[in-house]
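Data block below; observations after.
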Amino acid sequence: MRNVYQNMYDFALEFTDNDRDDAIVYRNKRISFTDFAKEVDKCAGRFAAMGIVKGDCIAICLPNIPQAEIAFYACAKMGAIASMVHPKTSPVEFARQVELTKPKLALLNEINYFVFKPMLKGVKIVFCSLITGKGFIGLKKPVAYAANKSDGNEPAIYMHSGGTTGAPKTAILSSRCMNALIDNLLLSMNYPFTKNDTMLAALPIFHGFGLAVGIHLALCSKMASALVPIFRPKKVVEFIKNQHINVLSLIPRMLQKILDEPTFNGEVVKQLKYIYVGGDNLSENLRLKFNEKLKKEGSTCVIQQGYGLTEMGSVCVLNYDLIK
């Protein structure tokens with residue numbers, strides 16, 4: 001087992017050695033782990049130049065684009081708290097979150113800039129383009145900052161639930177929580193992933209499952225996260241094929257849409273090694289139909305269903321085959 005008593009970025013570094021390639025796949029581009037680490041350090045320095053210090057909150061109101069992942073780990077590296085906001089959150093709910101978390105800085109993009117900006121009085125705003133997938137417009141040049149060296153028990157993430165079991169609420173998660181979650185998952189699965197695997201990160205980074213499994217687990221497994229900002233089944237299947245993605249983490253609705261996509265056949269199915277489904281109820285009919293498709297096309301994997309509340313961080317129990 002690894003040392004979970006540290007920030008999430010340093011925890012991910014424990015899985016890094018010379019046997020490591022890419023950290024992010026976005027569209028047709030790949031970002032090496034070395035370049036990713038440099039971008040995280042630069043971003044943390046730019047946050048510091050904006051007056052952010054350990055314990056301050058940064059609202060990351062972005063879909064799955066490289067800036068969102070870089071900013072998240074920059075927060076961890078410098079000790080800021082990342083508030084993971086749905087880019088299309090209603091104005092009423094966004095106002096509640098702002099009042100509760102009191103961000104000093106907010107990262108916005110084309111989806112929400114004009115909607116959220118009026119509610120961010122006194123909050124510094126940075127623009128991160130969904131179209132280009134790069135750049136932090138509005139950040140200053142990086143300055144020196146104090147790296148976050150702690151036991152990982154302080155608040156690191158504000159994760160806003162959708163209110164599945166009632167009114168929307170905000171869970172406060174620590175680095176230790178996320179690190180232990182990933183360490184236990186990897187240990188229970190006997191560390192199955194290598195640098196040759198790529199995780200489809202279609203579940204949003206503002207979702208506990210998407211952040212913990214699609215992003216943090218991938219980074220802590222030497223895999224690259226293949227970021228999908230907008231889920232369009234045909235485009236996703238094409239992305240899986242072209243980037244040789246072989247690990248999927250999905251909610252049942254996405255699983256159904258991929259199954260219904262006519263181009264989901266042949267080699268694109270055969271290359272799949274692991275599929276994890278959670279976030280909602282998975283019907284037995286869908287599970288059986290998808291497993292049948294996998295077997296028919298020559299894949300050896302089967303769907304593994306996970307469960308866990310936002311307050312837990314993400315998936316904390318996992319079915320293996322027929323073992324529930």
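For reference, positions follow the sequence shown, starting with 1.
- Atom NZ of Lys54 sits in a crowded spot, with more than 12 heavy atoms from other residues, nucleotides or ligands closer than 6.0 Å.
- Ion pair Lys42/Glu39 flagged as a salt bridge, since at least one NZ, NE, NH1 or NH2 atom sits closer than 4.0 Å to an Asp/Glu carboxylate oxygen.
- Checking side-chain atoms of Asn112 against main-chain N and O of Asn109 turns up a donor-acceptor pair under 3.5 Å.
- Looking at heavy atoms from C-beta onward, Phe47 lies in side-chain contact with Cys75 at the 4.5 angstrom threshold.
- No side-chain heavy atom of Pro204 sits under 4.5 Å from any side-chain heavy atom of Phe231.
- Criterion: ILVMFWY side-chain heavy atoms under 4.5 Å apart, direct or through other members. Under it, Leu107 and Val115 are not part of a common hydrophobic cluster.
- Glu110 CD: more than 12 foreign heavy atoms inside a 6.0 Å radius.
- Here Gln6 contributes atom CD and Glu14 contributes atom CD; the two are 4.5 Å apart, rounded to the nearest 0.5 Å.
- Formation of a donor-acceptor pair under 3.5 Å by the Asn246 side chain with backbone atoms of Gln271 is not found in this model.
- Atoms CD1 and CG, on Ile303 and Leu294 in that order, are 6.5 Å from each other to the nearest 0.5 Å.
- Residues Pro66 and Leu227 form a side-chain contact, since some pair of their non-hydrogen atoms from C-beta on lies under 4.5 Å apart.
- Of the possible donor and acceptor atoms, one in the side chain of Asn179 sits under 3.5 Å from a partner among the backbone N and O of Ser175.
- Applying the side-chain hydrogen bond (donor to acceptor under 3.5 Å, both in side chains) rule to Lys104 yields the partners Asp56; only residues at least two apart in sequence or on another chain are considered.
- The ring-ring contact (aromatic ring centres under 6.0 Å, His included) analysis of residues 170-195, with sequence neighbours excluded, yields the pairs Phe193-Tyr274.
- At distances below 3.5 Å, not a single donor-acceptor pair connects side-chain atoms of Gln243 with backbone N or O atoms of Ile245.
- Cluster annotation: Phe136 is not connected to Val85 through the hydrophobic network of ILVMFWY side chains, with a link wherever side-chain heavy atoms come within less than 4.5 Å.
- Put simply, the side chain of Tyr158 reaches to within 4.5 Å of the side chain of Ile172, judged on heavy atoms.
- Considering CD1 of Ile157 and SG of Cys57, their distance stands at 11.5 Å, rounded to 0.5 Å.
- Under 4.0 Å is where a charged nitrogen must lie from a carboxylate oxygen, and between Glu284 and Arg287 at least one such pair does.
- With a 6.0 Å radius and a threshold of 12 heavy atoms from other residues, nucleotides or ligands, Lys273 has its NZ atom above the threshold.
- When the shell of 6.0 Å around NZ of Lys102 is examined, it contains more than 12 heavy atoms from other residues, nucleotides or ligands.
- One hydrophobic cluster holds both Leu173 and Leu219 under the rule that ILVMFWY side chains link at heavy-atom gaps under 4.5 Å.
- Taking the centre and axis of the six-membered ring of Phe11, the NZ or CZ atom of Arg2 falls outside the cone set by 45° and 6.0 Å.
- The CG atom of Leu211 lies 9.0 Å from the CD atom of Glu69; values are rounded to the nearest 0.5 Å.
- Judged by distance alone, with hydrogens and angles left aside, the side-chain atoms of Ser225 form no donor-acceptor pair with the main-chain N or O of Ala218 at under 3.5 Å.
- Atom OH of Tyr113 has 12 or fewer heavy atoms from other residues, nucleotides or ligands within 6.0 Å.
- Within the structure, ring-ring contact (aromatic ring centres under 6.0 Å, His included) pairs that include any residue of residues 238-268 comprise Phe264-Phe290 (at least two apart or interchain).
- Note on Val237: it clusters hydrophobically with Val247, by side-chain heavy-atom contacts below 4.5 Å among ILVMFWY residues.
- Put simply, the side chain of Ser221 never gets that close to the backbone of Met223: no donor and acceptor are under 3.5 Å apart.
- The closest side-chain heavy-atom distance from Met254 to Ile251 is below 4.5 Å.
- Side-chain atoms of Thr198 never come within 3.5 Å of backbone atoms of Ala224 as a donor-acceptor pair (strictly under, hydrogens ignored).
- Residue pairs meeting the ring-ring contact (aromatic ring centres under 6.0 Å, His included) criterion with at least one partner in residues 74-108, sequence neighbours excluded, are His86-Phe206, Phe94-Phe116.
- Legend: residues meeting side-chain hydrogen bond (donor to acceptor under 3.5 Å, both in side chains) with Asp10, ordered by chain and number and at least two apart, are Asn7, Lys149.
- Using modelled atom types, no side-chain atom of Arg46 and backbone atom of Pro142 make a donor-acceptor pair closer than 3.5 Å.
- How far OG1 of Thr101 is from CD1 of Ile58: 11.5 Å, rounded to the nearest 0.5 Å.
- Residues Met8 and Cys220 form no side-chain contact, since every pair of their non-hydrogen atoms from C-beta on lies 4.5 Å or further apart.
- Grouping the Ile, Leu, Val, Met, Phe, Trp and Tyr side chains by contacts below 4.5 angstrom, directly or via other members, places Val269 with Leu286.
- Applying the salt bridge (Lys or Arg N to Asp or Glu O under 4.0 Å) rule to Glu297 yields the partners Lys293; only residues at least two apart in sequence or on another chain are considered.
- Side-chain atoms of Pro252 and Asn281, non-hydrogen and from C-beta on, never get closer than 4.5 Å to each other.
- Salt-bridge annotation for Asp41 and Lys77: present, with a side-chain N of the basic residue lying under 4.0 Å from a carboxylate O of the acidic one.
- Classification of Arg96 and Glu93 as a salt-bridged pair holds, one side-chain N sitting under 4.0 Å from a carboxylate O.
- Contact check on Arg253 versus Asp280 returns no salt bridge, with no Lys/Arg side-chain nitrogen under 4.0 Å from an Asp/Glu carboxylate oxygen.
- Summarising the geometry of Pro63 relative to Pro87, their closest heavy-atom pair is N-CG, 3.5 Å, with the distance given to 0.1 Å.
- A distance of 15.0 Å separates NZ of Lys234 from CG of Asp260, quoted to the nearest 0.5 Å.
- Around the NZ atom of Lys241, the shell of radius 6.0 Å holds no more than 12 heavy atoms that belong to other residues, nucleotides or ligands.
- You'll find the side chain of Asn64 stays beyond 4.5 Å of the side chain of Val228, heavy atoms only.
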